[in-house]
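Here is the structure we will look at, set down as structure tokens.
Indexing begins at 1, ligand by ligand and atom by atom, following the structure's order. Note that the structure is predicted; figures quoted are calculated from it, not measured.
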Amino acid sequence: MKLATFHVDIQGDAVVDDATVKQDDGGSGGVLRPSRICQLAIISTTFWALVFLVRYYSSMQLRRRRPVQLVDVLHSSFVQRHSRPWPGAASLVGYGAAATGKEDDRGVTTAAADDDRCAGRYIYMYDLPARFNDDLFRDCSKLDLWIDMCPYVVNRGMGEELGVEGGAFSDRGWYATSQFMLDVIFHDRMKHGYECLTDDPALAAAVYVPFYASVDGGRYSWNSSFLRDALALDLGEWLARRPEWQASGGRDHFMVAGRTAADFIRKGDDDWGTKLLRHAFVQNMTVLVLESVSWVQTINVAVPYPTYFHPETAADVAAWQEKVRGAERKWLFSFAGAPRPGTVRAEIIQQCGASSRCSLYNCGVAGANCHSPGAVMRLMESSTFCLQPRGDSLTRRSTFDTILAGCIPVFFHPGSAYTQYTLHLPKDPESWSVLIMHTDITAGNVSIEETLSKIPPEKVKAMREEVIRLIPKVVYADPRSRRVDFKDAFDVAVEAVIDRVAKWRRNTSAGPEH
Ligand SMILES: *[C@@H]1O[C@H](CO)[C@@H](O)[C@H](O)[C@H]1NC(C)=O
Ligand SMILES: *[C@@H]1O[C@H](CO)[C@@H](O)[C@H](O)[C@H]1NC(C)=O
Ligand SMILES: *[C@@H]1O[C@H](CO)[C@@H](O)[C@H](O)[C@H]1NC(C)=O
């Protein structure tokens with residue numbers, strides 16, 4: 001099996017040093033007069049006094065910021081640090097300017113000494129025992145009772161590479177990604193692409209726990225509740241013994257559980273899912289999920305579902321944006337999905353089927369294969385609006401496929417996106433999407449076609465441009481890459497976690513000294 005793809009790559013962490021320090025050689029020469037010599041003596045004394053002061057000060061800083069008892073040398077082999085400037089303000093196409101900085105291979109141990117673009121952004125990542133992550137893939141065929149997950153596990157959770165598929169995709173960065181692989185993608189993105197990892201917990205702005213909570217949660221869905229909870233409880237015990245945990249009660253810790261929170265809030269033994277978000281030890285942490293709930297104590301924050309696109313560079317993103325901007329959209333609207341009893345989908349399928357301007361891809365009928373990424377993406381790329389009614393839960397992965405396709409999403413419930421992805425999506429929903437309340441559809445007095453065709457063309461164009469601008473922020477860049485030069489969904493999420501922890505530190509004296 002493809003296990004090898006998952007094994008931590010300890011070699012290869014060195015990065016090229018092409019940073020050069022520009023020396024200013026103020027031109028010398030000319031005759032020295034006595035007054036000049038005097039001046040020079042004063043300047044020279046002052047200079048050396050300053051050098052001494054600066055050195056003394058930085059050695060004090062180092063001592064203060066790096067308490068020896070917390071340094072865990074075991075981790076140093078996993079740590080890498082790229083000094084890379086944060087991508088700047090979004091350009092018109094919505095991604096940061098290409099990075100101009102140089103990478104360096106100075107070890108983490110010297111990281112605190114230079115004046116430091118990672119200041120306040122360091123992440124300490126636990127080196128968890130493999131049973132909490134990599135080992136979960138030892139028998140990937142048993143991860144799901146119904147689906148063979150092995151093809152989705154390869155390429156560090158991106159799945160198998162997709163061909164161009166009749167023009168649905170571009171030739172770079174497209175993979176058949178399962179929506180439940182975010183734990184893995186995130187972990188590898190952190191390992192290879194995050195430029196501010198540290199091996200010093202005392203320096204860290206936040207602590208990342210690379211537990212594959214969603215992979216673990218999925219594999220025993222149909223077994224006893226004891227089995228479903230066992231590994232997470234094991235993790236709780238492991239964490240409780242760590243000094244990093246004891247220093248904060250876990251408040252600066254975060255992890256990714258790449259499913260909807262509904263899968264992690266089981267109450268009774270006979271109910272669905274695990275109890276992850278109800279365990280006492282998780283309640284101080286931040287957990288990133290695909291769809292959050294507000295009624296558990298644990299902070300759970302929604303981040304985008306992983307899609308098929310994992311670009312490496314801003315140029316890959318720009319090329320794709322250009323393609324969907326120019327796509328010919330012959331359908332006013334379309335819907336790809338299956339009926340779900342008790343939802344607005346029956347009316348949607350009925351309205352779409354009855355309209356000559358709607359293309360329906362009914363996954364509920366024989367022969368339709370909605371797991372075919374190419375067919376669904378092609379449909380969205382040829383539609384102006386894409387209907388996104390709720391499915392089994394309020395949100396859908398399809399919403400993010402829609403954004404990739406440059407198709408304007410039409411929601412039927414504010415909880416399908418606006419109240420969920422507040423970190424990643426614009427504050428003003430009308431700038432990039434349409435909301436038609438599901439109650440108006442089921443009451444039978446709103447025509448989707450009429451509503452959409454009344455939107456003026458220039459408004460449609462502006463909305464589409466806004467959707468296209470969102471693409472870099474909702475994709476997860478190739479987790480294997482060390483040269484990602486735009487701000488992706490991962491970057492946005494990490495930044496938010498760090499902000500949250502920083503707020504907590506400011507509001508409490510319980511935070512570790514910084
Ligand atoms: C979990 O349930 C499945 C299906 O009933 C079964 O095949 C499997 O052996 C069970 N796993 C364990 C560890 O009990
Ligand atoms: C959560 O944090 C509080 C203090 O902020 C602490 O008293 C409590 O013990 C922590 N919980 C766990 C499980 O560590
Ligand atoms: C739709 O019809 C229902 C009852 O028939 C009415 O209460 C509601 O206000 C109508 N909604 C709109 C948007 O016209």
ask   = So which protein heavy atom does atom 6 (C) of ligand 1 come closest to, and at what separation?
value = N223 ND2, 4.1 Å
ask   = Based purely on interatomic distance, does W504 place a nitrogen or oxygen under 3.5 Å from a nitrogen or oxygen of ligand 2?
value = no
task = Mark the output for A280 as yes if a heavy-atom distance to ligand 2 is under 4.0 Å, and as no if none is.
result = yes
inquiry  = If the threshold is 4.0 Å, N to carboxylate O, is there a salt bridge linking D216 and R228?
reply    = no
For R251, the ligand 2 atoms whose distance to one of its heavy atoms is below 4.0 Å = 1 (C), 2 (O), 3 (C), 4 (C), 5 (O)
query = Which heavy atom of the protein is the closest neighbour of atom 13 (C) of ligand 1, given with residue, atom name and distance?
reply = L227 CD2, 3.6 Å
key: Salt-bridge criterion met for R189 and D478 (N-O under 4.0 Å)   = no
message = So W504 and R500, do their side chains get closer than 4.5 Å, heavy atoms only?
response = no
message = Which residue and atom name correspond to the protein heavy atom nearest atom 4 (C) of ligand 1, and how close is it?
response = L145 CD1, 3.9 Å
key: Distance under 6.0 Å and angle within 45° of ring axis: R397 vs F180   = no
Qualifying residue for side-chain contact (heavy atoms from CB on, under 4.5 Å) with Y126, from W238, F132, F211, Y208 = W238
V282, T508, N284, L239: member with heavy atom nearest to atom 12 (C) of ligand 2 = N284
key: Proximal ligand 2 atoms for W245, defined as those under 4.0 Å from one of its heavy atoms   = 14 (O)
query = Is at least one protein non-hydrogen atom found at under 4.0 angstrom from atom 9 (O) of ligand 1?
reply = no
ask   = Given side chains that start at C-beta, do those of L404 and V475 come closer than 4.5 Å, heavy atoms only?
value = yes
request  = State, yes or no, whether a side-chain contact exists between E165 and M377 at a heavy-atom distance under 4.5 Å.
outcome  = no
